[in-house]
Amino acid sequence: MVKHNNVVPNGHFKKHWQNYVKTWFNQPARKKRRRIARQKKAVKIFPRPTSGPLRPIVHGQTQKYNMKIRAGRGFSLEELKAAGIPKKYAPTIGIAVDHRRKNRSLEGLQTNVQRLKTYKAKLVVFPRCARKLKAGDSSQEELATATQVQGAYMPISQEKPSVEIIKVTDEMKNFKAYAKLRVERMNKRLVGVRMKKAAEAEKDEKK
């Protein structure tokens, strides 16, 4: 006989847990399938880079992420104009274009224009017809040595801020930061009163 005031045993064990187990037995096959797909794509788009078109450097949105740089959707029309690349011609030589994007700063514009110029300098343009070269097409020597770029092309790297180490002087040690803040706060508070007093004193002098 069961003693004490215990819970009546009513264990729920017929849950068929085997039906709810998630397995990934297809993972190695998917890995292989993805690799083969990448190889087929590289052959199909040859001699273009495997990583796709060139993207601009943009800053993340909001105060939380705006110090970080990342790849954007496409180059603005202003950037293309500054680099001397026609907007209709740009997508044909592997440059992504975003007609909606606007340049908010001169620094960002100059960075992306320089990126476009660097890309243009390294670019090898294959002719549509091998026997008939057009203006802008690369020479036969360049075409012979051209190879397909595998992986990231002109990757975007975050610059690490440099720290300057200086020697602590006696002047720095003797500086009273809190007192200085209090004085400056007081100066800011009394700026109107002092201006009024100075104006009244000037008026009295004229009399």
Decide yes or no for Arg101 and Val58: does some side-chain heavy atom of the first lie under 4.5 Å from some side-chain heavy atom of the second? yes
Surrounding CG of Asn19 (heavy atoms of other residues, nucleotides or ligands, distance under 6.0 Å), is the total greater than 12? yes
Less than 4.5 Å apart, side chain to side chain, heavy atoms only: is that true for Arg115 and Leu54? yes
Are Met154 and Val149 connected in the hydrophobic side-chain network, where two residues link if heavy atoms are under 4.5 Å apart? yes
Give the intermediate values and the outcome of side-chain contact (heavy atoms from CB on, under 4.5 Å) for residues Met172 and Thr169. CA-CA 5 Å; Met172 289 178 184; Thr169 60; 3.4 Å; yes
Are more than 12 heavy atoms, taken from residues, nucleotides or ligands other than Arg30, located less than 6.0 Å from that residue's CZ atom? no
Within the distance-only criterion (no hydrogens, no angle test), does the side chain of His59 pair as donor or acceptor with the backbone N or O of Asn66 below 3.5 angstrom? yes
Distance (rounded to the nearest 0.5 Å) between Lys32 NZ and Asn26 CG: 14.5 Å
Decide side-chain hydrogen bond (donor to acceptor under 3.5 Å, both in side chains) for Asn103 and Glu79; before the verdict, give the C-alpha distance in whole Å, the side-chain angles of both, and the deciding distance to 0.1 Å. CA-CA 8 Å; Asn103 290 99; Glu79 287 163 357; 2.7 Å; yes
Lys/Arg N to Asp/Glu carboxylate O, Lys188 vs Glu184, below 4.0 Å: no
Least distance between heavy atoms, Arg73 atom then Pro56 atom: C-CD, 4.2 Å
Any donor and acceptor pair, going by atom type alone, linking the side chain of Gln148 with main-chain N or O of Ala42 inside 3.5 Å? yes
Val125 and Phe46: same hydrophobic cluster, using ILVMFWY side-chain contacts below 4.5 Å? no
Between His12 and Asn10, what is the shortest heavy-atom contact and its length? ND1-O, 3.0 Å
How about Gln158 and Lys68: do any of their side-chain heavy atoms sit closer than 4.5 Å? yes
In the structure I gave you, are the side-chain heavy atoms of Phe126 and Arg48 within less than 4.5 Å of one another anywhere? no
Would you say Ser76's side chain and Lys102's backbone share a donor-acceptor pair under 3.5 angstrom? no
State, yes or no, whether a side-chain contact exists between Leu116 and Phe75 at a heavy-atom distance under 4.5 Å. yes
Any side-chain heavy-atom pair from Ile85 and Lys120 closer than 4.5 angstrom? yes
Minimum heavy-atom distance between Met67 and Lys64, given as atom pair plus value: CE-O, 3.2 Å
What heavy-atom pair brings Ala90 and Val97 nearest, and what distance separates the two atoms? CB-CG2, 3.7 Å
Would you say the side chain of Arg38 lies within less than 4.5 Å of the side chain of Arg35, judging by non-hydrogen atoms? yes
If I compare all heavy atoms of Tyr119 with all of Ile95, which pair ends up nearest, and what's the gap? CE2-CG1, 3.5 Å
pair Leu80-Val113: side-chain heavy atoms closer than 4.5 Å: no
